[in-house]
A.B. asks: 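Dropping a structure here in C-alpha coordinates format, bear with me for questions.
None of the values given here were measured: they were computed from a predicted structure.
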Amino acid sequence: MAGKKCGSSHMLGTGVATLSYQLGHRVKFIDTEGVRGFLPPKGVEWMRSGGGAWHLAELDDDPVAPKAEDYTGFQLWIALPPKVEDGPSFSQFVAPEDVPTVSAESITVRVLSGQFKGAISPIRDVPADSIDTLDVTVSPGASFAHTFRTGHSTSWAVVYAGDARVNGQLVPCNELLIFEGSGDSISIENVGQCDAGVLVGSAAPHPFPLITKNASVHTNEASMKDGWKRIKQIGNELHAKGFI
(Lines give C-alpha, C1' and ligand atoms only; values in the text may rest on other atoms or scores of the structure.)
Protein backbone atom coordinates (compact mmCIF):
# COMPACT_ATOMS: atom_id res chain seq x y z
CA MET A 1 0.00 0.00 0.00
CA ALA A 2 1.04 3.62 -0.34
CA GLY A 3 2.91 5.19 2.55
CA LYS A 4 6.08 6.79 3.80
CA LYS A 5 9.49 5.29 3.18
CA CYS A 6 10.36 2.73 5.85
CA GLY A 7 13.54 1.08 7.05
CA SER A 8 14.65 -2.51 6.95
CA SER A 9 12.71 -5.37 8.46
CA HIS A 10 13.39 -9.02 9.15
CA MET A 11 10.62 -11.43 8.31
CA LEU A 12 10.80 -14.62 10.32
CA GLY A 13 8.16 -16.79 8.73
CA THR A 14 6.92 -20.37 8.67
CA GLY A 15 4.04 -21.95 6.78
CA VAL A 16 3.40 -18.88 4.65
CA ALA A 17 4.41 -17.46 1.28
CA THR A 18 4.60 -13.82 0.22
CA LEU A 19 4.30 -12.11 -3.14
CA SER A 20 5.96 -8.68 -3.04
CA TYR A 21 5.57 -5.94 -5.65
CA GLN A 22 7.11 -2.47 -5.35
CA LEU A 23 6.04 0.13 -7.90
CA GLY A 24 8.45 3.04 -7.53
CA HIS A 25 11.48 2.02 -5.49
CA ARG A 26 13.98 -0.78 -5.75
CA VAL A 27 14.29 -3.19 -2.81
CA LYS A 28 17.49 -4.61 -1.31
CA PHE A 29 17.11 -8.14 0.04
CA ILE A 30 18.93 -11.01 1.72
CA ASP A 31 17.34 -14.43 2.15
CA THR A 32 17.80 -17.48 4.35
CA GLU A 33 20.74 -18.80 2.30
CA GLY A 34 22.52 -15.44 2.50
CA VAL A 35 21.74 -14.55 -1.12
CA ARG A 36 21.80 -10.77 -1.58
CA GLY A 37 20.47 -8.62 -4.40
CA PHE A 38 18.23 -5.82 -5.61
CA LEU A 39 14.70 -6.04 -6.96
CA PRO A 40 13.99 -3.16 -9.37
CA PRO A 41 10.70 -1.24 -9.33
CA LYS A 42 7.84 -3.31 -10.80
CA GLY A 43 9.78 -6.52 -10.29
CA VAL A 44 8.15 -9.36 -8.35
CA GLU A 45 9.49 -11.40 -5.46
CA TRP A 46 8.00 -14.75 -4.45
CA MET A 47 9.17 -16.10 -1.10
CA ARG A 48 7.87 -19.41 0.27
CA SER A 49 8.98 -19.82 3.87
CA GLY A 50 7.92 -23.47 4.13
CA GLY A 51 9.15 -24.91 7.41
CA GLY A 52 11.10 -21.77 8.25
CA ALA A 53 12.86 -18.81 6.63
CA TRP A 54 14.49 -15.50 7.48
CA HIS A 55 14.16 -12.64 5.04
CA LEU A 56 15.48 -9.09 5.19
CA ALA A 57 14.15 -6.44 2.82
CA GLU A 58 14.52 -2.68 2.75
CA LEU A 59 13.81 0.14 0.35
CA ASP A 60 17.09 1.18 -1.25
CA ASP A 61 18.14 4.62 -2.44
CA ASP A 62 18.63 3.92 -6.12
CA PRO A 63 21.42 6.21 -7.41
CA VAL A 64 19.69 6.41 -10.80
CA ALA A 65 16.05 6.93 -9.80
CA PRO A 66 14.97 10.17 -8.08
CA LYS A 67 14.57 9.93 -4.31
CA ALA A 68 11.05 10.01 -2.92
CA GLU A 69 9.56 9.88 0.54
CA ASP A 70 6.27 8.37 -0.64
CA TYR A 71 6.13 4.89 -2.09
CA THR A 72 3.59 2.35 -3.24
CA GLY A 73 4.11 -1.35 -2.71
CA PHE A 74 2.18 -4.51 -1.99
CA GLN A 75 2.79 -7.77 -0.19
CA LEU A 76 0.31 -10.62 -0.45
CA TRP A 77 0.48 -13.27 2.29
CA ILE A 78 -0.60 -16.79 1.37
CA ALA A 79 -1.20 -19.73 3.71
CA LEU A 80 0.51 -22.92 2.55
CA PRO A 81 -1.14 -26.35 2.35
CA PRO A 82 -0.05 -29.41 4.40
CA LYS A 83 3.37 -30.86 3.52
CA VAL A 84 4.35 -27.66 1.69
CA GLU A 85 4.08 -25.76 5.00
CA ASP A 86 6.77 -28.05 6.44
CA GLY A 87 9.00 -28.16 3.37
CA PRO A 88 12.08 -26.19 2.34
CA SER A 89 12.05 -22.45 1.74
CA PHE A 90 12.18 -21.10 -1.81
CA SER A 91 12.64 -17.65 -3.36
CA GLN A 92 12.18 -16.47 -6.93
CA PHE A 93 12.72 -13.00 -8.35
CA VAL A 94 11.13 -11.81 -11.58
CA ALA A 95 12.68 -8.78 -13.28
CA PRO A 96 10.25 -6.08 -14.50
CA GLU A 97 10.87 -6.94 -18.14
CA ASP A 98 10.05 -10.62 -17.47
CA VAL A 99 6.63 -9.96 -15.94
CA PRO A 100 4.11 -11.05 -18.63
CA THR A 101 2.06 -8.14 -19.95
CA VAL A 102 -1.19 -8.17 -21.91
CA SER A 103 -2.09 -4.91 -23.62
CA ALA A 104 -5.22 -3.91 -25.46
CA GLU A 105 -6.71 -0.55 -26.33
CA SER A 106 -6.79 1.53 -23.11
CA ILE A 107 -5.97 -1.50 -20.90
CA THR A 108 -2.67 -2.98 -19.67
CA VAL A 109 -2.50 -6.05 -17.43
CA ARG A 110 0.74 -7.25 -15.79
CA VAL A 111 0.56 -10.86 -14.57
CA LEU A 112 2.32 -10.98 -11.19
CA SER A 113 1.25 -14.56 -10.45
CA GLY A 114 -0.97 -17.15 -12.08
CA GLN A 115 -2.33 -16.40 -15.52
CA PHE A 116 -4.43 -14.06 -17.65
CA LYS A 117 -5.59 -14.60 -21.25
CA GLY A 118 -2.79 -17.05 -22.04
CA ALA A 119 -0.05 -15.03 -20.34
CA ILE A 120 1.48 -17.12 -17.52
CA SER A 121 3.68 -15.88 -14.71
CA PRO A 122 7.16 -17.46 -14.60
CA ILE A 123 6.54 -18.19 -10.91
CA ARG A 124 5.45 -21.84 -11.08
CA ASP A 125 5.82 -22.69 -7.41
CA VAL A 126 2.99 -24.08 -5.24
CA PRO A 127 0.64 -22.35 -4.60
CA ALA A 128 1.63 -19.26 -6.66
CA ASP A 129 0.57 -20.90 -9.92
CA SER A 130 -2.99 -21.31 -8.64
CA ILE A 131 -3.41 -17.68 -7.51
CA ASP A 132 -4.01 -14.97 -10.10
CA THR A 133 -2.57 -11.58 -9.15
CA LEU A 134 -2.93 -8.84 -11.76
CA ASP A 135 -1.79 -5.22 -11.95
CA VAL A 136 -4.44 -3.57 -14.12
CA THR A 137 -4.02 -0.11 -15.65
CA VAL A 138 -7.15 1.46 -17.17
CA SER A 139 -7.08 4.67 -19.23
CA PRO A 140 -9.55 7.51 -18.54
CA GLY A 141 -13.06 6.67 -19.73
CA ALA A 142 -12.20 3.01 -20.36
CA SER A 143 -13.49 -0.14 -18.66
CA PHE A 144 -12.01 -3.54 -17.84
CA ALA A 145 -13.95 -6.77 -17.30
CA HIS A 146 -12.52 -10.13 -16.23
CA THR A 147 -14.02 -13.52 -15.39
CA PHE A 148 -12.07 -15.43 -12.75
CA ARG A 149 -10.86 -18.98 -13.15
CA THR A 150 -13.25 -21.78 -12.24
CA GLY A 151 -13.13 -22.33 -8.49
CA HIS A 152 -11.77 -18.86 -7.72
CA SER A 153 -14.63 -17.83 -5.43
CA THR A 154 -12.47 -15.55 -3.27
CA SER A 155 -11.20 -12.34 -4.87
CA TRP A 156 -10.00 -8.88 -3.89
CA ALA A 157 -9.03 -5.53 -5.38
CA VAL A 158 -7.11 -2.40 -4.37
CA VAL A 159 -7.31 0.89 -6.28
CA TYR A 160 -3.85 2.38 -5.81
CA ALA A 161 -3.95 5.20 -8.40
CA GLY A 162 -6.65 7.34 -9.98
CA ASP A 163 -10.42 7.10 -9.57
CA ALA A 164 -12.28 3.91 -10.38
CA ARG A 165 -15.51 2.04 -9.84
CA VAL A 166 -15.05 -1.63 -9.02
CA ASN A 167 -18.15 -3.76 -9.63
CA GLY A 168 -20.11 -0.52 -9.77
CA GLN A 169 -18.76 0.82 -6.46
CA LEU A 170 -16.62 3.98 -6.30
CA VAL A 171 -13.59 2.87 -4.29
CA PRO A 172 -11.36 5.23 -2.26
CA CYS A 173 -7.69 4.98 -3.11
CA ASN A 174 -5.78 2.34 -1.09
CA GLU A 175 -8.94 0.71 0.27
CA LEU A 176 -9.01 -3.10 0.09
CA LEU A 177 -12.15 -4.74 -1.26
CA ILE A 178 -12.71 -8.44 -0.56
CA PHE A 179 -15.27 -10.39 -2.55
CA GLU A 180 -15.92 -13.77 -0.95
CA GLY A 181 -18.47 -15.96 -2.68
CA SER A 182 -19.97 -12.87 -4.29
CA GLY A 183 -19.44 -13.56 -7.97
CA ASP A 184 -17.08 -14.95 -10.56
CA SER A 185 -16.06 -11.72 -12.28
CA ILE A 186 -14.85 -8.17 -11.75
CA SER A 187 -15.41 -4.93 -13.61
CA ILE A 188 -13.32 -1.76 -13.35
CA GLU A 189 -14.40 1.60 -14.77
CA ASN A 190 -12.02 4.56 -14.81
CA VAL A 191 -14.08 7.62 -13.85
CA GLY A 192 -11.13 9.98 -13.42
CA GLN A 193 -8.90 12.14 -15.59
CA CYS A 194 -5.72 10.03 -15.32
CA ASP A 195 -4.83 6.35 -15.51
CA ALA A 196 -6.36 4.15 -12.81
CA GLY A 197 -4.18 1.47 -11.26
CA VAL A 198 -5.90 -1.49 -9.62
CA LEU A 199 -4.35 -4.62 -8.13
CA VAL A 200 -6.69 -7.60 -8.54
CA GLY A 201 -6.37 -11.07 -7.05
CA SER A 202 -8.39 -14.29 -7.10
CA ALA A 203 -8.00 -17.81 -5.72
CA ALA A 204 -9.84 -20.81 -4.38
CA PRO A 205 -10.58 -20.59 -0.63
CA HIS A 206 -8.02 -22.18 1.69
CA PRO A 207 -9.69 -25.49 2.67
CA PHE A 208 -7.70 -26.18 5.85
CA PRO A 209 -7.90 -24.91 9.44
CA LEU A 210 -5.46 -22.10 10.25
CA ILE A 211 -3.32 -21.50 13.32
CA THR A 212 -1.41 -18.20 13.50
CA LYS A 213 1.53 -16.90 15.52
CA ASN A 214 3.38 -13.70 14.60
CA ALA A 215 4.51 -14.24 10.96
CA SER A 216 3.60 -17.93 10.96
CA VAL A 217 0.49 -19.62 9.60
CA HIS A 218 0.01 -23.38 9.84
CA THR A 219 -2.70 -25.99 9.60
CA ASN A 220 -1.69 -27.76 12.84
CA GLU A 221 0.17 -27.15 16.12
CA ALA A 222 2.93 -29.69 15.39
CA SER A 223 3.95 -27.84 12.21
CA MET A 224 3.91 -24.54 14.08
CA LYS A 225 6.20 -25.91 16.80
CA ASP A 226 8.64 -27.43 14.28
CA GLY A 227 8.66 -24.21 12.26
CA TRP A 228 9.71 -22.01 15.18
CA LYS A 229 12.41 -24.48 16.13
CA ARG A 230 13.75 -24.16 12.59
CA ILE A 231 13.54 -20.33 12.77
CA LYS A 232 15.84 -20.29 15.81
CA GLN A 233 18.27 -22.65 14.08
CA ILE A 234 18.44 -20.46 10.96
CA GLY A 235 18.95 -17.35 13.07
CA ASN A 236 21.93 -18.91 14.83
CA GLU A 237 23.43 -19.96 11.46
CA LEU A 238 23.03 -16.48 9.93
CA HIS A 239 24.49 -14.86 13.02
CA ALA A 240 27.51 -17.17 12.94
CA LYS A 241 28.11 -16.23 9.28
CA GLY A 242 27.85 -12.52 10.05
CA PHE A 243 24.71 -11.91 7.99
CA ILE A 244 22.76 -10.55 10.97
A.B. asks: Restricting to side-chain contact (heavy atoms from CB on, under 4.5 Å), what partner residues turn up for I211, sequence neighbours left out?
C.D. replies: E221, M224
A.B. asks: Taking side chain as C-beta onward, heavy atoms only, is P41 less than 4.5 Å from Q22?
C.D. replies: no
A.B. asks: Give the intermediate values and the outcome of side chain to side chain contact (heavy atoms under 4.5 Å, CB included) for residues Q169 and R165.
C.D. replies: CA-CA 5 Å; Q169 177 181 346; R165 293 184 185 275; over 6 Å; no
A.B. asks: Do F179 and T154 come within less than 4.5 Å of each other through their side chains, counting heavy atoms only?
C.D. replies: no
A.B. asks: Which one of L112, L19, D129 satisfies the side chain to side chain contact (heavy atoms under 4.5 Å, CB included) criterion with I123?
C.D. replies: L19
A.B. asks: Can you see which heavy atom on V198 is nearest to which on A157, and at what distance?
C.D. replies: CG1-CB, 4.2 Å
A.B. asks: Say whether, by atom type as modelled, one donor and one acceptor occur between the side chain of W156 and the main chain of L176 under 3.5 angstrom.
C.D. replies: no
A.B. asks: Okay, side chain of E175, backbone of V159: is any donor-acceptor separation there less than 3.5 Å?
C.D. replies: no
A.B. asks: Could you go step by step and tell me if H218 and K213 meet the side chain to side chain contact (heavy atoms under 4.5 Å, CB included) rule?
C.D. replies: CA-CA 9 Å; H218 283 280; K213 176 184 177 182; over 6 Å; no
A.B. asks: Of the non-hydrogen atoms in C173 and A161, which two are nearest, and what is the gap between them?
C.D. replies: SG-N, 3.9 Å
A.B. asks: Given side chains that start at C-beta, do those of S89 and S49 come closer than 4.5 Å, heavy atoms only?
C.D. replies: no
A.B. asks: Between F38 and F29, does the ring centroid distance fall short of 6.0 Å?
C.D. replies: no
A.B. asks: Checking side chain to side chain contact (heavy atoms under 4.5 Å, CB included) for the pair L134/R110: CA distance, chi angles, key distance, verdict?
C.D. replies: CA-CA 6 Å; L134 312 175; R110 306 185 80 235; over 6 Å; no
A.B. asks: Are V84 and I231 connected into the same hydrophobic cluster when the rule is that any two of I, L, V, M, F, W, Y join if their side-chain heavy atoms are below 4.5 Å apart?
C.D. replies: no
A.B. asks: Looking only at heavy atoms, what is the nearest atom pair of G114 and R149, with distance?
C.D. replies: CA-NH2, 4.0 Å
A.B. asks: Which heavy atom of F144 sits nearest a heavy atom of V109, and at what distance?
C.D. replies: CE1-CG2, 3.8 Å
A.B. asks: May I have the step-by-step check of side chain to side chain donor-acceptor pair (under 3.5 Å) for S143 and E189, ending in yes or no?
C.D. replies: CA-CA 4 Å; S143 297; E189 179 188 1; 5.1 Å; no
A.B. asks: Heavy-atom distance under 4.5 Å between the side chains of T18 and I78, does that happen here?
C.D. replies: no
A.B. asks: Looking at S139, is its backbone amide N or carbonyl O close enough to the side chain of S106 to form a donor-acceptor pair, meaning the two atoms are under 3.5 Å apart?
C.D. replies: no
A.B. asks: Nearest 0.5 Å please: distance from the CG atom of L39 over to the NE2 atom of H25.
C.D. replies: 12.5 Å
A.B. asks: Hey, could you give me the OG/CG distance between S91 and D125, rounded to the nearest 0.5 Å?
C.D. replies: 9.5 Å
A.B. asks: Does N220 use its side chain to pair, donor to acceptor, with the backbone of S223 at less than 3.5 Å?
C.D. replies: yes
A.B. asks: So, the side chain of Q92 versus the backbone of P122: is there a donor-acceptor pair under 3.5 Å, distance only?
C.D. replies: yes
A.B. asks: Would V44 and D98 count as a side chain to side chain contact (heavy atoms under 4.5 Å, CB included) here? Give the steps.
C.D. replies: CA-CA 9 Å; V44 179; D98 295 328; over 6 Å; no
A.B. asks: Looking at every non-hydrogen atom in both residues, tell me the closest pair between P81 and F208 and how far apart they are.
C.D. replies: CB-CE1, 4.0 Å
A.B. asks: Can you name the nearest heavy-atom pair linking V191 to L170, along with the distance?
C.D. replies: CG2-CD1, 3.9 Å
A.B. asks: With a 4.5 Å limit on heavy-atom distance, are the side chains of L76 and Y21 in contact?
C.D. replies: no
A.B. asks: Backbone N or O of P88 within a donor-acceptor pair of the R48 side chain at under 3.5 Å?
C.D. replies: yes
A.B. asks: Indicate yes or no: at least one non-hydrogen side-chain atom of E45 is less than 4.5 angstrom from one of H55.
C.D. replies: yes
A.B. asks: Within a strict 4.5 Å, meaning less than it, do heavy atoms of the F74 and V158 side chains meet?
C.D. replies: yes
A.B. asks: Do side-chain atoms of N214 reach the backbone of S216 as a donor and acceptor pair under 3.5 angstrom?
C.D. replies: no
A.B. asks: Nearest 0.5 Å, please: how far is CZ in F116 from OG1 in T133?
C.D. replies: 13.0 Å
A.B. asks: Short question: side chain of H152, backbone of S130 - any donor-acceptor pair under 3.5 Å?
C.D. replies: yes
A.B. asks: Can you tell me how far the CD1 atom of I186 sits from the OG atom of S155, to the nearest 0.5 Å?
C.D. replies: 6.0 Å
A.B. asks: Hey, does the side chain of N190 reach the backbone of A164 with a donor-acceptor pair shorter than 3.5 angstrom?
C.D. replies: no
A.B. asks: Can any side-chain N or O of T219 pair as donor or acceptor with the backbone N or O of P82 at less than 3.5 Å?
C.D. replies: no
A.B. asks: For D135, which of L199, T108, V111, V99 qualifies under side chain to side chain contact (heavy atoms under 4.5 Å, CB included)?
C.D. replies: L199
A.B. asks: Step through the shown structure and confirm whether more than 12 heavy atoms of other residues, nucleotides or ligands are within 6.0 Å of CD on E97.
C.D. replies: yes
A.B. asks: Quick check: do P140 and Q193 have side-chain heavy atoms less than 4.5 Å from each other?
C.D. replies: no
